[in-house]
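Values below: all heavy atoms of this structure, side chains included; hydrogens, waters and symmetry mates excluded. Here the structure is a predicted model, which is why all the values come from computation and not from measurement. Throughout, protein chains are lettered first and strands after them, A, B, ... in sequence-line order, and every chain is numbered starting at 1.
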Amino acid sequence: MRDSSEWKPTSYRTHTIDQVARNGEKLVGTKVTVAGYAETVRGRGAICFLMLRDGTGKIQAFLKKDNMDEELFDSIQSATRESTIQVTGKVAMKRAPKVAEGDPVPPPEFEVNVESGDILAHADTPLPLGVTDDVRVGLDVRLDNRHLDVRRSHVNAMFQLRSKVLQYGREHLISEGFQEINSPKIIAAAAEGGTNLFPMKYFETDAYLSQSPQLYKQLAVLGGLERVFEIGPAFRAEKHDTYRHLNEFVSFDIEGAWMDDEDVMGVQERMIHHIWTRVLENDQALIGAVNEYRASQGNDPIQVTVPELPFPRIPYCEAIEIVKSGGGEIEWGDDIESHHCDIIAAKYPGFHFIPRWPMSMKPFYIHHKDEEKGSSGGQLSRGFDLNYGRDEMTSGGAREHRVEVLEQNLRDVGLDPGDFTFYTDGFRYGAPPHAGWGLGVARLLMVLTGAGNVREVVLFPRDRSRVTP
RNA sequence: GCCCCGAUGGUGUAGUGGCCUAUCAUGCAGCCCUGUCGAGGCUGCGACCCGGGUUCAAAUCCCGGUCGGGGCGCCA
């Protein structure tokens, strides 16, 4: 769980629960105040055991009727599960549990001998979902009650891992000289075409929610910010309903000047390598919490295996051949669909790049070189994807920096360059060649945590049929 | 947008026309016991998504609705 060793006391507690549990030996006899959720309340009569849990750990509070106010004793003893309770008392060594002959004696544990306390907030019964119950809960019930779901240790661990992934990713990009930016999410025109946008009213004007920071991060680079990244939301009004799609998702985006597609693939694989390495070094406790739950459900444990560098590159033309030889029906110029990815994934199960897509399948801002053609003569682009198994993680590429080519590309896909002057004007006064990518944070998390659904790793997911909570 | 599937106590489930005043687990309430520790023992509480239809008889079959799940397309 969280490392709270450096946390300061607050108005409600002198110590976090983990601080007491971890330093019990030093604290024996010391009066402490802790607060947490009542995980279990056992005992009826003269003594009572209250298992308290906060965001850092668990500890048993021991209550004896003789040692405290009788009314308080009764109210805590009859408190409902998940009520929040504050207790004050001296730290003591717990009596060792009975263990069967030959079983190892567990390490010493500590508890709080309660002298006073307070019920901070009472929990209704029954709980919509049990925080510690030994029953499966459907995803929909969990999402409707996410505030309780997140109290479950493996769910809590997943969201701590999410925070770590963002932290380590930032850490790495900053080490390579990228600076964090924020681009507008309210925009006037389609950024890329293709996907549907959510329309909105911006005062008297029609506007949309941004589907991607793409054009803005390019403008930032054209403006001389050199290397930029953004972690922010993107919105797509697509009526999909799958384990890997949401209508609002967080995208990890970068853009760098004087770089091409190969250069930014390098940034990406180094970043993922760094994230995995750091998780492996620092966050085994979180992985352990996830695995404990997986074991209870009969699932294999997840393992953090740092991927080898460089990731395989399977150019589009080669990918088509792999699919064909694997029995898939596909022709040059076709999209590589999920069932095709299954064939490729059988050969390349981990992370792999698919560079050099046909220009006709990539957005107008992707760069191409006239001399790079596919086997059947079609124009190739400098756009690439990053896949893990069958799932697409990333889309990226070298960008078109020649304004006259950019405008032609717009016309080729049926867009009017006149609608994009806010963007194309950025290229008229000298433009560095540049490249970048966008990575789906939740999809990366799925790989790391073994989650079978993006909704597992998004706190309050927005899909086709869910806008609350 | 297309295709498939599902809805039973708070939660997760059993159930394929009469054996269902509906199973089991968990939960909740109460009692007993107890320095417990996945506590234990006993008693009790609580459900067939909504509307129509078929039938002597519907949780079960049919139609419509609502909500949900899975897959595809598209994408991150």
Colleague: Nearest whole Å is fine: how far is G12(B) C1' from Tyr293(A) OH?
Modeller: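 The distance from OH of Tyr293(A) to C1' of G12(B) comes to 10 Å, rounded to the nearest Å.
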Colleague: Between C63(B) and A47(B), how far apart are the P atoms? Round to whole Å, please.
Modeller: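 To the nearest whole Å, 29 Å.
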Colleague: For Leu209(A), what residues pass the side chain to side chain contact (heavy atoms under 4.5 Å, CB included) criterion, not counting sequence neighbours?
Modeller: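 Leu209(A): side chain to side chain contact (heavy atoms under 4.5 Å, CB included) contacts with Phe198(A), Met200(A), Phe235(A).
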Colleague: What interatomic distance, in whole Å, is found between P of A58(B) and the corresponding atom of U43(B)?
Modeller: 34 Å
Colleague: Check every strand shown and say whether Asp133(A) touches a base, only sugar-phosphate, or nothing at a heavy-atom separation below 4.0 Å.
Modeller: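 The residue Asp133(A) makes base contact.
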Colleague: Please answer whether G35(B) and Phe49(A) are stacked, defined here as ring centres separated by less than 5.5 Å and planes angled under 30°.
Modeller: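 No.
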Colleague: Can you tell me the distance, in whole Å, between the CZ atom of Arg464(A) and the P atom of C67(B)?
Modeller: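 That distance rounds to 12 Å.
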Colleague: Quick check against the 3.5 Å criterion: does Asn145(A) have a side-chain atom that pairs as donor or acceptor with the backbone of Val141(A)?
Modeller: yes
Colleague: Rounded to whole angstrom units, what separation is found between the CG atom of Leu139(A) and the C1' atom of U11(B)?
Modeller: 14 Å
Colleague: Where do Asn247(A) and Asp463(A) come nearest, in terms of heavy atoms and distance?
Modeller: ND2-C, 3.0 Å
Colleague: Has the side chain of His339(A) got a donor or acceptor atom sitting under 3.5 Å from an opposite partner on the base of C72(B)?
Modeller: no
Colleague: Please give the distance between the C1' atoms of C50(B) and G38(B) as a whole number of Å.
Modeller: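 After rounding to an integer number of Å, I get 40 Å for this pair.
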Colleague: Please list residues of residues 436-458 of chain A whose heavy atoms come under 4.0 Å from any atom in RNA chain B, ordered by number; otherwise none.
Modeller: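 Going residue by residue through residues 436-458 of chain A, the ones with a heavy atom under 4.0 Å of RNA chain B turn out to be Gly438(A), Arg443(A), Asn453(A).
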Colleague: Please give, in whole Å, the distance from A76(B) C1' to Phe229(A) CZ?
Modeller: 18 Å
Colleague: Salt bridge check: are Glu39(A) and Arg81(A) linked by an N-O gap of less than 4.0 Å?
Modeller: no
Colleague: Heavy atoms only, 4.0 Å cut-off, all strands: where does Thr40(A) land among base, sugar-phosphate and nothing?
Modeller: nothing
Colleague: Tell me: CG of Leu127(A) to P of G46(B), nearest whole Å?
Modeller: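 From Leu127(A) CG to G46(B) P: 20 Å.
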Colleague: Regarding Arg227(A) and the six-membered ring of Phe178(A), is the cationic atom NZ or CZ under 6.0 Å from the ring centre and inside 45° of its axis?
Modeller: yes
Colleague: When the distance from CG of Leu129(A) to P of G27(B) is rounded to whole Å, what number comes out?
Modeller: 14 Å
Colleague: G68(B), C75(B), A76(B): which one has an atom nearest the side-chain heavy atoms of Asp335(A)?
Modeller: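 So the side chain of Asp335(A) is nearest to C75(B).
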Colleague: Rounded to whole angstrom, note down the P distance from U11(B) over to C3(B).
Modeller: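 Approximately 32 Å lies between the P atom of U11(B) and that of C3(B).
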Colleague: Searching all strands shown, indicate the nucleotide that pairs with C67(B) (Watson-Crick or G-U wobble; both distances under 3.5 Å).
Modeller: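 By the stated definition (distances under 3.5 Å), G6(B) pairs with C67(B).
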Colleague: For Arg95(A), which contact category applies under a 4.0 Å heavy-atom criterion: base, sugar-phosphate, or nothing?
Modeller: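 Base contact.
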Colleague: Can you see whether His172(A) engages Glu176(A) through a side-chain donor-acceptor pair at a distance of less than 3.5 angstrom?
Modeller: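 There is such a pair between these side chains.
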Colleague: If we take the P atom in both G68(B) and U8(B), what is their distance in whole Å?
Modeller: 14 Å
Colleague: When you measure only distances, ignoring hydrogens and angles, does the side chain of Glu111(A) come within 3.5 Å of the base of G35(B) through a donor and an acceptor?
Modeller: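 Check passes, donor-acceptor contact within cut-off.
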Colleague: Can you check the Leu166(A) CG to A76(B) C1' distance for me, whole Å?
Modeller: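 Taking atom C1' of A76(B) as the reference, CG of Leu166(A) is at 14 Å.
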Colleague: Using the salt bridge (charged side-chain N to carboxylate O under 4.0 Å, His left out) rule, collect all pairs that involve residues 287-298 of chain A, keeping only residues at least two apart or in two chains.
Modeller: none
Colleague: Expressed in whole Å, how much space separates the P atoms belonging to A59(B) and A22(B)?
Modeller: 12 Å
Colleague: Describe the nucleic acid contact of Lys64(A) in one word from base, sugar-phosphate, nothing, applying a heavy-atom distance below 4.0 Å.
Modeller: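 No contact.
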Colleague: Does the distance from a Lys or Arg side-chain N to an Asp or Glu carboxylate O, for Arg313(A) and Asp261(A), drop under 4.0 Å?
Modeller: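 No.
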Colleague: Classify the nucleic acid contact of Gln60(A) as base, sugar-phosphate or nothing, counting any heavy atom under 4.0 Å across all strands shown.
Modeller: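 Base: the residue Gln60(A), judged by heavy atoms under 4.0 Å, touches a nucleobase.
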Colleague: Within this structure, what is the CG-to-P distance between Asp140(A) and G6(B), rounded to whole angstrom?
Modeller: 18 Å
Colleague: Using the aromatic ring of Phe62(A) (for Trp, its six-membered ring), decide whether it stacks on the base of G35(B) within the limits of 5.5 Å and 30°.
Modeller: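 Check passed, Phe62(A) stacks on base of G35(B).
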Colleague: By the 4.0 Å heavy-atom rule, please label Ser251(A) as base, sugar-phosphate, or nothing.
Modeller: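 Since no nucleic acid heavy atom lies under 4.0 Å of Ser251(A), the category is nothing.
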Colleague: Evaluate the side-chain proximity of His274(A) to Arg270(A): yes if any heavy-atom separation is below 4.5 Å, no if none is.
Modeller: no
